[in-house]
Protein chains: 2
Amino acid sequence: MPLDSPKDPKIAAKAGLDPQNFALANCIRALSIDAVNAANSGHPGAPMGMADAATVLFRNHLKFDAKNPNWPDRDRFVLSNGHASMLLYSLLHLTGYEDMTLEQIRAFRQWGSITAGHPEYGHAKGVETTTGPLGQGLATAVGMALAERRLAAEFGDDLVDHHTYVFTGDGCLQEGIGQEAISLAGHLGLGKLIVLYDDNDITIDGPTSISFSEDIPARFQACGWHVQQCDGHDGKALDAAIAAAKAETGKPSLIAMKTVIGFGSPNKAGTYSVHGSPLGKDEAALTREAIGWPHDPFVIPEELLAEWRKIGTRGAADREAWEARLKDRSADVRAEFQRRLTGTLPEAYEDALKAARDALFAEPKKAATRKASQMALEPLTAVLPEMIGGSADLTGSNLTRVKAVDSQYTRAAPGRYIGYGVREFGMAAAMNGINLHGGFISYGGTFLVFSDYARNAIRLSALMGVGTIFVMTHDSIGLGEDGPTHQPIEHLASLRAIPNLTVLRPADTVETLEAWDIAIRNRHVPSLLALSRQDVPQLRLEAGDENLTAKGAYVIRQFGDGRDVTLIGTGTEVALAVQAAEALHAEGMSVAVVSMPSWELFEAQPEDYRRATLGDAPRIAVEAAGKFGWTRYVASEDDVIGMTGFGASAPIERLYQEFGITKEAIVARAKALVGR
Amino acid sequence: MPLDSPKDPKIAAKAGLDPQNFALANCIRALSIDAVNAANSGHPGAPMGMADAATVLFRNHLKFDAKNPNWPDRDRFVLSNGHASMLLYSLLHLTGYEDMTLEQIRAFRQWGSITAGHPEYGHAKGVETTTGPLGQGLATAVGMALAERRLAAEFGDDLVDHHTYVFTGDGCLQEGIGQEAISLAGHLGLGKLIVLYDDNDITIDGPTSISFSEDIPARFQACGWHVQQCDGHDGKALDAAIAAAKAETGKPSLIAMKTVIGFGSPNKAGTYSVHGSPLGKDEAALTREAIGWPHDPFVIPEELLAEWRKIGTRGAADREAWEARLKDRSADVRAEFQRRLTGTLPEAYEDALKAARDALFAEPKKAATRKASQMALEPLTAVLPEMIGGSADLTGSNLTRVKAVDSQYTRAAPGRYIGYGVREFGMAAAMNGINLHGGFISYGGTFLVFSDYARNAIRLSALMGVGTIFVMTHDSIGLGEDGPTHQPIEHLASLRAIPNLTVLRPADTVETLEAWDIAIRNRHVPSLLALSRQDVPQLRLEAGDENLTAKGAYVIRQFGDGRDVTLIGTGTEVALAVQAAEALHAEGMSVAVVSMPSWELFEAQPEDYRRATLGDAPRIAVEAAGKFGWTRYVASEDDVIGMTGFGASAPIERLYQEFGITKEAIVARAKALVGR
């Protein structure tokens, strides 16, 4: 391959270490410079600095087939420092992903393009997860690696055997979630997880020395990782390091690459000014000279493009061999494998669901909804081997562990239950990764109040459209003595405010089972189940197969004809609303009680159903949480029987009494509203 | 001191290492067992395991005076594993904090007591910060240690020279925020920060080996800490370790103590069953025997109590000497020191504020509100040496750095600007700690979308009533090309839902200055400023000294007499509302435009003001964010010109157009509402 010599002697020296790799990497550098310049917005520094490593990885190691981006046994590549998106888009274009045309590269960061500022899952093929919020790519990749091991254990190494590669910068390692991911991966010995760290000494604010001086290799080592260091611009050294990382199968691997941010730019390389700003026309021209790139913007010489396209099809033979192995398996195994990967539910599921429903109607149960959740999980997980559970060290409280999902996921054996440790954020991102990998429905628990810790990963599941299931127990002041630090107040509202997330707060055993059914079927919308610590009676007593929770809200009790008032409750407060309705009815009023387990599902109903359910009579909402947002359904926050501030530490009965979430308060407000 | 011999030979062996310390520690163990049993709720295991270390610390090292809990130069003690609250309450009672009576201990976790399930700041004296949400105690303590160094640099070591001690369990170290705190403390060489790690091998779910196998001492070492390991039940070893930690002044210190959770309990020690459940009556009796404690529940023998009370006054002489030193300082220094600690604003503040206001009216400016924020900070920080700023590695974007707050806080010199690194959660908790320490008004910046990462620390500032100032820029889709991962949608609603937090979204330079004024004065309510990336015109042009932002909402423009419609806008959308109002007025309609920078402040206004401001005409709200919550002020979400889903990556103009947040959309909705 002919090569223009870099003008800059230092760059020439680096290029000389592996000239062909350097030339291929220049394609990435050039496209990144040009696209960011064209958008007049973006981050050229990281793509320029990591281009050499990316080239080595795609050229010699990454198992992929650009023409078959969804080949299940492909290696996963996660760009955790998502602001370096042009690195990924360049690679996808160069290797020949069909949707990643040069027009898309030219339309970087423009409306309607698949080349968003940060890589967005579902836009471009080859983007395995949305990244940008730092640290989460790494934590999501841990989930992918977890999934790979489990799926391999189920279906065999001949069908499932791939690596997960992660590129990460300093930011991902400064974020706490980065450490959660590192610690969990090291603990579980995820040997096929390989992280390449872009150690360039620069963050947005300036040199990392402003805020960051730890010994990163030593930290990874302390967490049980295999650690190497190398020059991030030396193609041969990188190649050897990746090979060594693959050879180490008992530990995840870190390759700390010393790199120069904005490598190639004569005036900006190694400075923070190249982190998040375009090079500009002049510096781009100087950079072209310095790296020996005489081509016009967006022009990739044919020979280099051809070489890259060859790289893009390098994995075709592997893929064909894999397909042959799949064909060799029994029809049953093939069908089950396909079912798992496409996320189709087995026939046995409907039967198990119906049996569980029928049992509840046959023998109604008083139970905390967290317990009802465990009761639902028992039969459903028994027929859904794809369900993989866990908890952020609150198993006994979240009740996420059941018979079928009991085997601990350990270093020695990848079971179905993951002890995520006290790492809510890392757990949530890993669950997203497990689901993104394919083959699984991942769920995991913590307390609702600690949804705060995991919040941005919940948001990302909603943004990506990934059906992660968040099990959040201890969902109100009803948890009692642990007090205000543990009592969610604003959490239901703040979660309902997230687009594309289904928040479910079931009222009893039946609604909890229905909520699980909804969550399990929702493969493209995440679900969050808010569950109680305290017992509630079973309110749904009438047998039937319709999932009423799926309507979001419905009339659960009607007292008298017509309506003087409508009481809307959620979760544990539906029973309270029923009690109040009984009292009001005893005084001659007609009352409808609406159970509203999910605002989002209710909003998706036809308008006439919504209108009929809510009715024209005055409405009162009852929820042991902050009142924020309820004015969507009631006239004023005065009509919400709920919390106006934080909770307190005391036994549950006292708390409901002191905070005025009582039958008497509902009755009094109802009377005031209808003028009695 | 007479000692009953422990029955259990293993315990006797440990007790023999330092019998007096052991006897004193038994007071903590006994009270913790009894209080948790009485409440039938709580966590006895950690207090029992850490009692020996706590005794050594309070007995020999901690500088405090129980009769003067607010002595400014006291050492700070933070129980980061807040579920061990009975450890702290026991210590406060034993050492003679006047409010911590035996009745309060008996009322552990009951309504109205100061002994909440987790330590709540502001309830009991001696509780330096609210803990319970894991990892945050440690991160808050880092802030306290940061503050101590800065205040000492300002006022001299003779007035400010104290340590910050932290007790932490496994959970705090598994949480990502723990690592953020460790990394920052190590980077800045906070030599007076000493952490005692309760290394007991147990978490709620079982042995730590389920999820946690890293080499903690090595991780701390990698982060620049001084590290020791010792037996956590050996009083003499602990004493030596703490002494050595104090002697190391260039690095923060970790003492990893091997302990037995529930130490003393014959059947439950060393198991997770003692973590979060009462021992019960029988096991309590067995434990009493095992540790040699023949006393009835809640009874502390006089001699031991007397010894503890002596410990409680041990610091009195130190305090008196400190007071003498303070008296020796000049009246000016004394006055300024007192002013700083009481959080009073200096006279110069009002002048600086007025000058800044007048300048804006004299020469109106078009500016992004983040820029307006920087313009406000310039003069205000110049007269407020207590203001200490920072950013989570987005200084150039948040514009939090100004001339007076420019000196970098480094290991060598504690300046006024802290490079928190990409650690939003750790930053927020550290800012809380700086404010809790006293002497400072702490502010720090990140993007609004990343309030998600810091969310539970924002919540804790609200729960504690600490006036931390969160500067959150890039507050809408208006940030443009970075795309949906970076564009806040649900964040304003989800922050407005938090009780006791003032969310401010100013519309222009004047409102931004007013918002800063509100935030600075709010020493017991945290403030969050949502600021724009993009420019907005100055809308407030009429000179005057009244802070209209403090009203939460006010009529900023009136077109015509009366009102056909009211347009309510916040932040950057107020200008859009004004444009729409002009267009509607041109068509003959009377329109009031209400600027609503803060919902919380508006709700605190008298009802007649609120009614007059909102008016009786149909209302439309305009905000480039999710619509959730706006039904508090408008009839339906159809009357909100805002977002219904996530954003996209594109230039700003295109985004507002595509998402329908336009003058035309407002005009059309207004016409529909008034039937034109």
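Order of the sequence lines fixes the chain letters, A, B, ..., with proteins taken first and strands second; residue numbering starts at 1 for each chain. Values reported hereafter were calculated over all heavy atoms of this structure, with side chains retained and with hydrogens, waters and symmetry mates removed.
- At a cut-off of 3.5 Å, with distance as the only test, a side-chain donor of B:Ser391 or B:Asn398 sits close to an acceptor on the other residue.
- Of the two parts of B:Phe425, only the side chain, counted from C-beta on, holds a non-hydrogen atom closer than 4.5 Å to a non-hydrogen atom of chain A.
- If you measure heavy-atom distances from A:Thr395 to chain B, the contacts under 4.5 Å come from both the backbone and the side chain.
- Ranked by heavy-atom pairs under 4.5 Å with chain B, the list A:Gly186, A:Gly171, A:Gly483 is led by A:Gly171.
- B:Pro119 does not touch chain A: none of its heavy atoms, backbone or side chain, sits under 4.5 Å away.
- B:Thr400 and B:Tyr417 share a donor-acceptor pair across their side chains, judged by distance under 3.5 Å alone.
- Of all the listed residues (A:Gly626, A:Ser209, A:Gly480, A:Gly42), the one sharing the greatest number of non-hydrogen pairs under 4.5 Å with chain B is A:Ser209.
- For A:Ser451, no part lies under 4.5 angstrom from a heavy atom of chain B.
- For B:Leu460, the part lying under 4.5 angstrom from a heavy atom of chain A is the side chain only.
- The part of B:Trp599 that comes within reach of chain A is its side chain, from C-beta onward, which places non-hydrogen atoms under 4.5 angstrom from that chain.
- When heavy atoms are compared at a cutoff of 4.5 Å, B:Ala462 approaches chain A by way of both its backbone and its side chain.
- Side-chain contact check for B:Glu490 versus A:Pro499: some heavy-atom pair is nearer than 4.5 Å.
- Interface summary for chain A: among B:Pro133, B:Ala392, B:Gly178, B:Gly112, the most heavy-atom pairs under 4.5 angstrom belong to B:Pro133.
- Ranking A:Gly132, A:Ala39, A:Gly426, A:Ala493 against chain B, the residue ahead of the rest is A:Ala493, based on heavy-atom pairs under 4.5 Å.
- The greatest number of non-hydrogen atom pairs below 4.5 Å with chain A, out of B:His83, B:His43, B:Arg632, is found for B:Arg632.
- For A:Tyr272, the OH atom counts as loosely surrounded, since its 6.0 Å shell holds 12 or fewer non-hydrogen atoms of other residues, nucleotides or ligands.
- Comparing B:Ile210, B:Asp215, B:Leu188, B:Asp482 by how many heavy-atom pairs each has under 4.5 Å with chain A, the most go to B:Asp482.
- Classification of the A:Phe447-A:Phe450 ring pair by plane angle, with boundaries at 30° and 60°, yields parallel.
- Using a 4.5 Å cut-off between heavy atoms, A:Leu173 does not touch chain B at all.
- Summarising the local packing, CZ of B:Phe212 is surrounded by more than 12 heavy atoms from other residues, nucleotides or ligands at distances under 6.0 Å.
- A donor and an acceptor atom, one from each side chain of A:Ser494 and B:Ser494, are nowhere located under 3.5 Å apart.
- Here B:Glu175 is the residue among B:His491, B:Met643, B:Glu175, B:Arg654 with the most heavy-atom pairs under 4.5 Å with chain A.
- Using a 4.5 Å heavy-atom cutoff, the side chains of A:Glu481 and B:Asn40 are not in contact.
- The shortest non-hydrogen separation linking B:Ser85 to B:Gly117 is OG-O, 2.8 Å.
- Remark: side-chain polar atoms of A:Glu214 are not paired, donor with acceptor, to backbone N or O of B:Ser183 under 3.5 angstrom.
- Heavy atoms of A:Tyr409 lying under 4.5 Å from chain B are absent altogether.
- Between chain B and the options A:Gly206, A:Ser213, A:Gly421, the largest number of non-hydrogen pairs under 4.5 Å is found for A:Ser213.
- Residue with the most contacts toward chain B among A:Glu637, A:Gln179, A:Glu180: A:Gln179 (heavy-atom pairs, distance under 4.5 Å).
- Between chain A and the residues B:Ile177, B:Ile498, B:Asn500, the largest count of heavy-atom pairs under 4.5 Å involves B:Ile498.
- The distance from atom CD1 of A:Ile114 to atom OG of B:Ser649, rounded to the nearest 0.5 Å, is 12.5 Å.
- Relative ring orientation between A:Trp111 and B:Phe659 is described as perpendicular, the plane-to-plane angle rising above 60° on a 0-90° scale split at 30° and 60°.
- Annotation: maximal heavy-atom pairing with chain B below 4.5 Å, among A:Ile182, A:Asp452, A:Thr644, occurs at A:Asp452.
- With a 4.5 angstrom heavy-atom cutoff, A:Gln487 touches chain B only via backbone atoms.
- The contact between A:Ser41 and chain B is made entirely by side chain atoms (from C-beta outward), counting heavy-atom distances below 4.5 Å.
- At least one side-chain heavy atom of A:Thr485 sits under 4.5 Å from a side-chain heavy atom of B:Leu463.
- With respect to the salt-bridge test (charged N to carboxylate O, under 4.0 angstrom), the residues B:Asp393 and B:Arg423 do not qualify.
- Within the 4.5 Å cutoff, the side chain of B:Arg455 has heavy atoms near those of the B:Leu495 side chain.
- For chain B, the nearby parts of A:Gln110 are the backbone and the side chain; heavy atoms of each come within less than 4.5 Å.
- Residue with the most contacts toward chain A among B:Gly629, B:Ala635, B:Cys172, B:Pro484: B:Pro484 (heavy-atom pairs, distance under 4.5 Å).
- A:Thr131 touches chain B through its backbone: at least one of N, CA, C or O sits under 4.5 Å from a heavy atom, while the side chain does not.
- Neither the backbone nor the side chain of A:Arg401 comes within contact range of chain B; no heavy atom of the residue lies under 4.5 Å from a heavy atom of that chain.
- Neither the backbone nor the side chain of A:Gln221 comes within contact range of chain B, judged by heavy atoms closer than 4.5 Å.
- In this structure a side-chain-to-backbone donor-acceptor pair under 3.5 Å is present from B:Ser113 to B:Ala107.
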